[in-house]
Every structure is written in structure tokens, then in C-alpha cells.
**Student:** 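After the C-alpha cells below, expect a handful of questions from me.
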Amino acid sequence: MFAFGTILLVLAGLVISERHSSILNFPTASTANFISFNPDWPSLNGLTVCSWQKKAYSDTNRYWFSYAVSGADNEIILGEREDGVYVFYLGGSSFGVTVGAPENQWVHVCATWDSGSGVSTISVNGELKKTQENFRKGWSVRPNGNLAIGQEQDIVGGKFDASQAFVGRLSNINVWDFALNSSDIALMYDAGFCGYSTTAEDPILSYDDILSQDLNGDATVVEDRSCIDLEDASDGQVLRFPPQSKASTANFLQFTPDFGTDEFLEFSICTWFIKTYADQSRYFLSYAQSGLDNSIILGEEATLGFWVSGSRILSDVFLDQQRWYHLCFTWASDSTSAIYVDGEKVKEGNLAQGKTKTSGGVMNIGQEQDSLGGGYDASQAFAGSLYNLNMFNIKLTEDQVRAVYANGTFCKKVPDEFWKAGQVMLAYKDLYNLIPDGDVTFDNGEEAWRHGAMHCGSLDLDEDAHKPECWVMEENTEYKNKKNGNLGYVVGTVDEAKAACYASGACKTLTCYKKSGGNRCDMRSSFEKSNGNKKKTSYTYRC
């Protein structure tokens, strides 16, 4: 589905309007990458700064918001002083809070200050994390300064330090000249990453104001497709690594996965795979834990292999270059493991029986880790492309592997029954939301086709319209998990809610129920996870 208009949802004084799909990208730690301008605001006796941010660094002392005035370069600074410690500087004073800031995940951060009361706060993902009393009480932020996004100023408008430069992405940055209350901040977070949210009073500096400024260096504005159309944003997005001649330890996608459980006794991983190398030993996925760098490895060692907890099974299959294969690897602690190629089992054997897998490790797509999060070898680096890589929390049966393979239909995504059963523990769209390192890219359309993939997903708006027959009713069911994306709610008839859901351009699911004598329908951006509830009925758009 695509959005054909704008719907306004009024929630407790908060307005959720059209969605911002423009993301500020700061790709490297360089003093050349920034936005810098005079925001032209008056003396301020109150302040709120909010932003969505996704960091792509693991070191410390990096800052994304810096306002400096003559004689005071630390008038306002926001960033990360130590690993996982968000810090708020105001007039040279500061305080911080440890939140364990994750890499490659969108986080919503707000800092507030009120001169009259001296109360200042830091909120993360809608939750108040720190309140500081008597913080710059009676003071005022001075006017006629310079604001830098992506850098920390040591003089007005300059003297940047590459070791303090922000690396990652920022979105929906807004500044108010008063302290927002915690309820407003929570509602902004609940609107979701794609929801453009503001208070009844406009910000003194809006995200549109910031986007209108000049970009310097390699700072760019990128479009996030997940905020443009309703379909899975990863559709047709092929994860491409450079060919063997340019294989490097710098090329990978690395993160700490959220498996939704502390430990697991079975899993399966399936993906489309094409290689652009001629040698024998390269690996496309590794999961490492402290003290166990070979926890899970997928790749080739002369032939296609599967490693778990240091043990391995090797098939007799040698994969040809420049040909797409569908690969599945299944494991369970109490039974045999298997490797599948194009829906057919090519190897079965005992593999790490009696072992347990735990969360908290490092997942790397494109490299084989010889230490936690490192120890790469360029001769083992993957060269080729992957598509629709998903990890399941079950050992797939042969029939289930064939269902995922879908008779070789490249563009077919994971069947709905796996989502409804809660069996997808790591989805390809989660990978698409990460920031690749090195020369790794996501290609789609003509670019993906040029590198051997297929066109997936229709962009023909003329063929797309709201189809009432596409709604599927699910009685005694609700969708409420945060991963389903809270988009607000509609009070009215179910048909009115369906029309509003479709028009929003991001809604896939409605959960409807009686409240305060009327009918209320909560809007969600996904139908991946559901719960039973006898008082609620859900509707999902399945076309």
C-alpha cells in the first residue's frame, strides 16, 4: 500500500502528522561532515531537544548537537561522553545517565531544562532516565550563537575534533523553548520512528528547518523506504558485498541481535546466496560469544559447511559462482542438524548436541570472527550477495524449508504462518535497518538486477488502491508488542478505522475494542506478533 494523503491523529494534545522519511547520514568520523548555522533564536529560559538517532560507532566521546556562543563553546551539547552514557551540557555544566546505548539501533533521546525550577531531564525511548535538580537555575541560554549538527564546537563554528564527530544517522531533530513534560515525550516516542510528532506549540527549531540547511563533507540526506510505503522496506533490497578482487575486512554488517530470549536450544537460518569468488574458504555469517568465536558459522570450506560451537558438518556441495542458491541450515541440541540447498537436504549429521546457544553475542554478516567482534581475515571475507536472510527459533522441518524456499520464487518473503507463530527471531528487514560498514550496500531495482538479482515489489501507484476485501478479521486477538510499531488510534467505526489505517501509509493492523462507551482501534505497522484477548478483535491488511 502507498499513502495518498495525510491523516491527523490528535492524542492528548500531540499531533501526529505526515511522516518524515528523510534521514541525516554522517558516514565517517571526519571533521568535514556537519551542518552549521545560526538558529536565530532569542535568549532561552527553557529548552527541550529531541531526536531519533542510530549510532555507528563503538568508542566514546562523540556528540551530535552543539550550540556555541562567543566566549562559551559549551553553551548546549548533547552526545555520548562514555560508552552508553548520554550527557547534557548546558552553560559549561553537565550531567549524564548510563543507558547502554546500542549500535545500529534507532533510539529516541530527549533532554529538557527549565530555568525557573532548575529541573533538567534526560529521557530515552519515552522513559525518564535522569532528573537533575538545581541545574543552571535562573540562567539563560544566550542568543546569536552557532548550532552544529554532527560535531562538537571548541570555538564558535569550528575547531572540530574527528574523535568527537558523530557517526551514524539522525532524524526528526526538534528544539522547543520550554521544557516538555514526560507525558509529551512518551507520546512522541509512542508515535514511532516514522511518525512526525510535535506539541500543540511549535518547536522553535524544527526538523524541516535543519533539513533546509547546507550539508558539508560527506553528510547526506537519505530516504528511509520504511517510512514511505506500507510494504516491508527490505523487499527487493539485496545485500551486496564487493567481489573477490575487492574483498576486505572492512566490509560487513555487525550488530548484537535481539533474539527475544536469553538462550535457545534450536534455530534455523535461511537465505538466498550468490558468490563472486573462486577460492574455497569464505564465510558469510558468524555469531561469536565471549570465549566462543565459532558459536555459529555459515560458509564454504572447499564445500558448503555449517559450524556450531566449534563442531562442523560439511556437505559435498561446491557452489558455483554467479548463480543464486537458496540455503537453509537447521540445528537442534537434541537431534541431528542439516544443510539444505534449493529446498533439498544435502547433508545431515550430529552437530554440537547437548549444547545451548545464548544471546548477547556479536552477529557479523560478511566476516568470520576469530575474536568477539573482530579478528577478521580478508582471505575469508565474503564476496557476493545475500537476500532475505532470516533466522528462526525452531529447527525447520523439511516441509517448512520447502515452504520458505517457495519453489525458487526469489521475491517471496517468509510465509505469514511463521510470523503468526512467533517463529522468526531475526528478520531480514532488521538487517536492512542497520548501517553497513565499508563498501557493503543494499541494492534494489535496476542496480540489484545488474548484479544478478531480480526486481521485487511493485512501484506502480496506479495499480494500488484500498481494497476492502483485503482485510482479514481475527477475533479474540490483539497486536500490542512494541515491535509492531504504535501509530496512534482512531475512535469511530471499524470501516472508518480501516480507511484511516490505509491512508496513513504505514498501518497494517488494527486492534479494535470498546473503551469509554465507544469503539477504539489501535493502529500498528506490522502483524508479526499477536496475543490472545477475548475482548478485542484485530483486522490485518493482507494484500
**Student:** Does the side-chain contact (heavy atoms from CB on, under 4.5 Å) test come out yes or no for L327 and V341, once each step is laid out?
**Tutor:** CA-CA 5 Å; L327 310 179; V341 178; 4.0 Å; yes
**Student:** What pairs of residues pass the salt bridge (charged side-chain N to carboxylate O under 4.0 Å, His left out) test when at least one of them lies in residues 383-392, not counting sequence neighbours?
**Tutor:**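 Matches after skipping sequence neighbours: none remain.
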**Student:** Students often mix this up, so state it plainly: with edges at 30° and 60°, are the rings of F267 and W331 parallel, tilted or perpendicular?
**Tutor:** tilted
**Student:** Look at the side chain of S333 and the backbone N and O of L265, then say whether any donor-acceptor pair between them is shorter than 3.5 Å.
**Tutor:**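 No, S333 side chain to L265 backbone: no donor-acceptor pair under 3.5 Å.
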**Student:** Run the numbers on V440 and L239 for side-chain contact (heavy atoms from CB on, under 4.5 Å), then give the verdict.
**Tutor:** CA-CA 7 Å; V440 182; L239 182 60; 3.5 Å; yes
**Student:** Under 6.0 Å from the ring centre and within 45 degrees of the ring axis: does the NZ or CZ of K412 meet both conditions for the six-membered ring of Y387?
**Tutor:**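 No, K412 does not lie over the aromatic ring of Y387.
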**Student:** For the backbone of C411 and the side chain of T409, can you confirm whether one donor and one acceptor N or O come within less than 3.5 Å of each other?
**Tutor:** no
**Student:** I'd like to know if the side chain of N390 and the backbone of N388 have a donor-acceptor N/O pair within less than 3.5 Å.
**Tutor:** yes
**Student:** Is the F382 ring parallel, tilted or perpendicular to the Y277 ring (thresholds 30°, 60°)?
**Tutor:** perpendicular
**Student:** So, do I297 and E368 sit near enough that their side-chain heavy atoms are less than 4.5 Å apart?
**Tutor:** yes
**Student:** What I'd like to find out is whether the side chain of V404 reaches to under 4.5 Å of the side chain of K413, using heavy atoms alone.
**Tutor:**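 Result no, sub-4.5 Å side-chain heavy-atom pair not found.
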**Student:** Mind telling me whether F252 and Y376 have parallel, tilted or perpendicular rings, with 30° and 60° as the class edges?
**Tutor:**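 Rings of Y376 and F252: tilted, as their planes differ by 30° to 60°.
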**Student:** Any chance CG of D320 has more than 12 other-residue heavy atoms, nucleotides or ligands included, within less than 6.0 Å?
**Tutor:**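 Yes, enclosed.
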**Student:** Testing the basics here: between Y207 and L24, what is the closest heavy-atom pair and its distance to 0.1 Å?
**Tutor:**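 Heavy-atom minimum between the residues: OH-N, 3.6 Å.
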**Student:** Are any of the side-chain heavy atoms of R62 and W64 separated by less than 4.5 Å?
**Tutor:** no
**Student:** Applying the salt bridge (Lys or Arg N to Asp or Glu O under 4.0 Å) criterion to E300, which one of R282, K275, R312 satisfies it?
**Tutor:** K275
**Student:** Could you tell me whether the side chain of F284 reaches within less than 4.5 Å of the side chain of F241, counting heavy atoms only?
**Tutor:**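 No - every pair of side-chain heavy atoms lies 4.5 Å or more apart.
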**Student:** Taking the six-membered ring of W307, is the NZ or CZ of K355 close enough (under 6.0 Å from the centre) and on axis enough (within 45°)?
**Tutor:** no
**Student:** The test is salt bridge (Lys or Arg N to Asp or Glu O under 4.0 Å); show your working for D439 and K246 and say whether it passes.
**Tutor:** CA-CA 9 Å; D439 294 323; K246 297 182 179 180; over 6 Å; no
**Student:** Does some side-chain heavy atom of L304 sit less than 4.5 Å from a side-chain heavy atom of K347?
**Tutor:**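 K347 does not reach L304 side chain to side chain.
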**Student:** Do W471 and L510 have side chains that approach each other closer than 4.5 Å (heavy atoms only, starting at C-beta)?
**Tutor:**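 A side-chain contact exists here, since the closest heavy-atom pair is under 4.5 Å.
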**Student:** Is any side-chain heavy atom of F259 closer than 4.5 Å to a side-chain heavy atom of M363?
**Tutor:**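 Counting from C-beta outward, F259 and M363 do come under 4.5 Å.
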**Student:** Kindly indicate, with the supporting measurements, whether the criterion salt bridge (Lys or Arg N to Asp or Glu O under 4.0 Å) is fulfilled by E80 and K55.
**Tutor:** CA-CA 10 Å; E80 203 172 345; K55 75 175 192 179; 2.9 Å; yes
**Student:** Ignoring hydrogens and geometry, is there a side-chain-to-backbone donor-acceptor pair from T330 to K395 under 3.5 Å?
**Tutor:** no
**Student:** Enumerate the residue pairs fulfilling disulfide (SG to SG under 2.5 Å) with a member in residues 330-397, sequence neighbours excluded, ordered by first and then second residue.
**Tutor:**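 Passing the test, one end in residues 330-397: no pairs.
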**Student:** Looking at A278, is its backbone amide N or carbonyl O close enough to the side chain of Q244 to form a donor-acceptor pair, meaning the two atoms are under 3.5 Å apart?
**Tutor:** yes
**Student:** Between the main-chain N or O of Y325 and the side-chain N or O of D342, is there a donor-acceptor pair closer than 3.5 Å?
**Tutor:**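 Not a single qualifying donor-acceptor pair exists.
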**Student:** Going by atom types alone, do T397 and D399 pair a side-chain donor with an acceptor below 3.5 Å?
**Tutor:** no
**Student:** Would F392 and F418 count as a ring-ring contact (aromatic ring centres under 6.0 Å, His included) here? Give the steps.
**Tutor:** CA-CA 9 Å; F392 304 85; F418 292 97; 5.4 Å; yes
**Student:** Within 45 degrees of the axis of the six-membered ring of Y432 and under 6.0 Å from its centre: does K429 put its NZ or CZ there?
**Tutor:**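 No, a cation-pi geometry is absent between K429 and Y432.
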**Student:** State whether the side chain of Q105 and the backbone N or O of Q53 hold a donor-acceptor pair below 3.5 Å, judged by distance alone.
**Tutor:** no
**Student:** Mark yes or no for whether T303, through its side chain, and L314, through its backbone, hold a donor-acceptor pair below 3.5 Å.
**Tutor:**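 No, T303 side chain to L314 backbone: no donor-acceptor pair under 3.5 Å.
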**Student:** Any side-chain to backbone donor/acceptor pair from S538 onto T477? Under 3.5 Å, distance only.
**Tutor:** yes
**Student:** Applying side chain to side chain contact (heavy atoms under 4.5 Å, CB included), can you list everything that pairs with S30, at least two apart in sequence or on another chain?
**Tutor:**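 Only T28, A32, N33 meet the side chain to side chain contact (heavy atoms under 4.5 Å, CB included) criterion with S30.
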